Engineer: 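The following block contains the structure, expressed as structure tokens.
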Amino acid sequence: MQDEEVPESELIRVRRDKLARIIDLGFDPYPTRADIDQTIEDVVAKYGGKSAQELEAEKPHVKIAGRILTIREFGKTAFLVLSEKTARIQAYCRKDALSEREWLLYQNLDAGDWVSVEGTVFRTKTNELSVKVQHLNFLAKALRPLPGKWHGLTDVEQRYRQRYVDLIVNDDVKRIFETRARIVRYIRTYFDTHNFIEVETPMMQPIAGGAAARPFVTHHNALDIDLYMRVAPELYLKRLIVGGMSRVYEINRNFRNEGIGYRWNPEFTMLEFYWAYADYKDLIELTEDLLNGLVREVKGSETVTWRGAEISFRRPFPKFTMKEAIARFSKGDISLNGLGDRDNLVKLVKKFGEHRPVTADGTEPPKGTPVPEIASMNEGKLLAELFESIAEEHLINPTFITDFPVEVSPLSKQRRDDPRYVERFELFIGGMEIANAFSELNDPDEQARRFQQQVSERERGDEEAHRVDDDYVRALEYGMPPTAGEGVGIDRLTMILTDSPTIRDVILFPLMRPR
RNA sequence: GGGCCCGUAGCUCAGUGGUAGAGCAGCUGGCUUUUAACCAGUUGGUCGUAGGUUCGAUCCCUACCGGGCUCACCA
């Protein structure tokens, strides 16, 4: 970055000089520990509610540490705002209350430095909770200056690239990741208490299966084989169901070699779980229960605001079939009847569908790569295409979409009453797909046929078509009980629950082009 | 990859075809209950990079680099 080109900028040099003076005063520049008896959070929690009179009577003695955020200086007095996590407290330093050595230390401090202070808690004239410092000690120097206190750190790129600076300055960032941790903790507890067992399955796979997506490729030297970063844990988790584990879940990273956008990061976190003896209708119940409970736990209410929209998690969530959603959100342009006819679907996709670029993937295709034509798409794909371009963005409140076509659902069980469709739903919130769930196809012969179908899709140029996994078919041949499975996007869910407009706000270190 | 926009001091931003300015931060001085503290003074920039037009470019043009939004692929 620019600092590496100018390693000794004036500001850094000044701070190095101050550090040298601090060492001259006999302070350890990098002490091994800090002598504290509580955190700033503790002090605020214990004394934040007490009045000046109560504190005057009690004179609580505390030893705390934190980072100096700002210094306000008054000659022989100063106020240091100390920060730790999202808690803040003001330290009041007086020359006559400190030793000469400590006062000289104070004079060589900068915003950003870490210090520990010992003193009594009181309130100033302006009623600010403060610590009257009796002893000041040095913990670490910030050689680089903090961003300005007025505007803070607003440069979007630097916020993501140097998240540590973002965290120092922007309290909201810490709160978002605290909320994210609470979300994950709630989900873990939910599944643990429902007798699911948490497992971990391979991130590096010889075949990237379980989702329609393009994978990252890597290489194992000793075996001299290419491996794929997983796009989903699905096929491994179902192998565990075959093995008799009955209820499993995994919260972990998936990797998809695709674009980056406000709701897409190349690596993202999914909850995926499988539940033997249940079907997709049971999953609807479970999903409503899980999310409703989660939102009430995290937000203390059944509604949240996201990007200015009110989103209600009140049960039951609305439910539409895919065709109903298309008809409903086409503003009368499309009737349910019109969706049964393939020729008509082609016309509709051409009219309402997103205009595809010349290439299928938006980047330079290898020479001779076939491009999927709307005219050659099967009926199911046309329907799904139409749904995505017409209905998806309107599904703001949590909404289940059911009756997916079998052609776009290679791992789902067909409906008994109409095998053109599968027992599957996706849950949309804020116009984003949050969950995808279905009754798992457990007929090995049918699964083999579906894989073959995907192969021909791939040959027709669909690079996201599912790959054949022979060992998975073999696993099914050992017998998998009726099972329902679901994946939930944790990052997107966190976006909704933290009112974050982009996925990069809920991922600590989102992927950036290296500099 | 396409479209639109952006890149000037550590931060946030002005600005002009004649080689730059403000506030904050920094530094110096003053100030023993302030909180965007205040007052006075002061340091600091090869104006993203490389070419081109021009007597002369930070400003105009081109390319490149980086970023944002958006579209596409996709969850």
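Just the heavy atoms: all of them, side chains too, but no hydrogens, waters or symmetry mates, feed the values below. Within every chain, numbering begins at 1; the chains are lettered A, B, ... in the order of the sequence lines, protein sequences first and strands thereafter. What you see is a predicted model; the values in this text were computed from it and never measured.
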Engineer: Can you tell me the distance, in whole Å, between the CG atom of A:N127 and the C1' atom of B:U33?
Structural biologist: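 The distance from CG of A:N127 to C1' of B:U33 comes to 12 Å, rounded to the nearest Å.
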Engineer: What's the CG-P distance between A:L143 and B:A25, to the nearest Å?
Structural biologist: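 Going from A:L143 (CG) to B:A25 (P), I get 21 Å.
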Engineer: Rounded off to whole Å, could you give me the CG-to-P distance for the A:L146 and B:C11 pair?
Structural biologist: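 One finds 12 Å between P of B:C11 and CG of A:L146, rounded.
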Engineer: Determine the contact category for A:R123: base if any of its heavy atoms lies under 4.0 Å from a base atom, sugar-phosphate if only primed atoms, P, OP1 or OP2 are that close, otherwise nothing.
Structural biologist: nothing
Engineer: Base, sugar-phosphate, or nothing: which does A:D491 touch, judged by heavy atoms less than 4.0 Å apart?
Structural biologist: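 Nothing, no nucleic acid heavy atom in range.
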Engineer: What distance, rounded to whole Å, do you find between the two C1' atoms, one in B:U58 and one in B:A14?
Structural biologist: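 Straight-line distance between the two C1' atoms is 14 Å.
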Engineer: A:F268 has a side chain; which of B:G26, B:U33, B:A75 sits nearest to it?
Structural biologist: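 It is B:A75.
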Engineer: Would you mind telling me which of B:A75, B:C27, B:U33 lies closest to the side-chain atoms of A:D110?
Structural biologist: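 Per side-chain heavy atoms of A:D110, the pick is B:C27.
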Engineer: Could you work out the separation of B:U19 and B:U54 based on their C1' atoms and round it to a whole Å?
Structural biologist: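 15 Å, rounded to whole Å.
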Engineer: Taking the six-membered ring for Trp, are A:Y92 and A:F122 parallel (under 30°), tilted (30 to 60°) or perpendicular (over 60°)?
Structural biologist: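 The rings of A:Y92 and A:F122 sit tilted, inter-plane angle from 30° to 60°.
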Engineer: Tell me which nucleotide, if any, is Watson-Crick or G-U wobble paired with B:G7 when both distances must be under 3.5 Å.
Structural biologist: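 For B:G7, the partner nucleotide comes out as B:C65, under the 3.5 Å rule.
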Engineer: Need one value for A:D17: base, sugar-phosphate or nothing, where a base atom within 4.0 Å counts as base even if backbone is also close, heavy atoms only.
Structural biologist: nothing
Engineer: Taking the minimum atom-to-atom distance to the side chain of A:E385, which one of B:G26, B:C73, B:C31 wins?
Structural biologist: B:C73
Engineer: Which whole-number value in Å describes the distance from A:I12 CD1 to B:U43 P?
Structural biologist: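 Result: 22 Å.
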Engineer: Taking the same atom, C1', in B:A25 and in B:U43, what whole-Å distance lies between them?
Structural biologist: 12 Å
Engineer: Is there a Watson-Crick or G-U wobble partner for B:C60 with both distances under 3.5 Å, and if so, which one is it?
Structural biologist: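 Paired with B:G52.
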Engineer: Give, ordered by number, those residues of residues 75-91 of chain A having at least one heavy-atom distance below 4.0 Å to an atom of RNA chain B; if nothing qualifies, reply none.
Structural biologist: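 Output list: A:G75, A:K76, A:T77, A:F79, A:Q90.
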Engineer: Picking from B:G26, B:U32, B:A75, which would you name as closest to the side chain of A:V14?
Structural biologist: B:G26
Engineer: The criterion is salt bridge (Lys or Arg N to Asp or Glu O under 4.0 Å); which residues satisfy it with A:E58, sequence neighbours excluded?
Structural biologist: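 So A:E58 forms a salt bridge (Lys or Arg N to Asp or Glu O under 4.0 Å) with A:K50.
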Engineer: Does a side chain donor of either A:E457 or A:N378 reach within less than 3.5 Å of an acceptor in the other side chain?
Structural biologist: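 There is such a pair between these side chains.
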Engineer: Suppose you measure atom P in B:U49 against the same atom in B:G7; what distance do you get, rounded to whole Å?
Structural biologist: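 B:U49 and B:G7 have their P atoms separated by 13 Å.
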Engineer: Show the atom names and distances, to 0.1 Å, of all donor-acceptor pairs under 3.5 Å that link a side chain in residues 398-406 of chain A to residues at least two apart or in another chain.
Structural biologist:
{"from": "A:T399", "atom 1": "OG1", "to": "A:N397", "atom 2": "O", "distance (Å)": "2.7"}
{"from": "A:D403", "atom 1": "OD1", "to": "A:R415", "atom 2": "NH1", "distance (Å)": "2.9"}
{"from": "A:D403", "atom 1": "OD2", "to": "A:R415", "atom 2": "NH1", "distance (Å)": "2.8"}

Engineer: Sequence neighbours excluded, which residues qualify as salt bridge (Lys or Arg N to Asp or Glu O under 4.0 Å) partners of A:E118?
Structural biologist: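 Expected list: none.
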Engineer: Send over the distance from A:F122 CZ to B:U32 C1', rounded to a whole Å.
Structural biologist: 11 Å
Engineer: Check the surroundings of atom NZ in A:K85: do more than 12 heavy atoms from other residues, nucleotides or ligands lie under 6.0 Å from it?
Structural biologist: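 Atom NZ in A:K85 is not packed in, count stays at 12 or less.
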Engineer: Using the P atoms only, state how far B:G44 lies from B:G52, rounded to an integer number of Å.
Structural biologist: 31 Å
Engineer: Going by side-chain contact (heavy atoms from CB on, under 4.5 Å), name the residues that satisfy it together with A:A97, two or more places apart in sequence or in a different chain.
Structural biologist: A:R94
Engineer: Roughly how many Å apart are B:U28 and B:U33, using the P atom of each and rounding to a whole number?
Structural biologist: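 That atom pair is separated by 22 Å.
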Engineer: Categorize A:E73 for me: base, sugar-phosphate, or nothing, with a 4.0 angstrom heavy-atom threshold over every strand shown.
Structural biologist: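 Base contact.
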Engineer: For the pair made of CD in A:Q162 and P in B:G10, what is the distance, rounded to whole Å?
Structural biologist: 14 Å
Engineer: Which whole-number value in Å describes the distance from A:I260 CD1 to B:C69 C1'?
Structural biologist: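 From A:I260 CD1 to B:C69 C1': 15 Å.
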Engineer: Please report the distance, rounded to the nearest Å, between CZ in A:R72 and C1' in B:A36.
Structural biologist: 9 Å
Engineer: Measure from the side chain of A:R256, starting at C-beta and using heavy atoms only, and say which of B:A75, B:C27, B:U33 lies closest.
Structural biologist: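 Selected nucleotide: B:A75.
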Engineer: Are the charged groups of A:E426 and A:R424 less than 4.0 angstrom apart, N to O?
Structural biologist: yes
Engineer: With a 4.0 Å cut-off on heavy atoms, is A:E433 in touch with a base, just the backbone sugar-phosphate, or nothing at all?
Structural biologist: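 Sugar-phosphate: the residue A:E433, judged by heavy atoms under 4.0 Å, touches backbone atoms but no base.
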Engineer: Taking side-chain contact (heavy atoms from CB on, under 4.5 Å) as the definition, give me every residue that meets it alongside A:W114, ordered by chain and number, with sequence neighbours left out.
Structural biologist: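 Scan of A:W114 (side-chain contact (heavy atoms from CB on, under 4.5 Å), adjacent residues dropped) gives A:R67, A:L139, A:A140.
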Engineer: Using the P atoms only, state how far B:A57 lies from B:A20, rounded to an integer number of Å.
Structural biologist: 13 Å
Engineer: What distance, rounded to whole Å, do you find between the two P atoms, one in B:A50 and one in B:C55?
Structural biologist: 23 Å
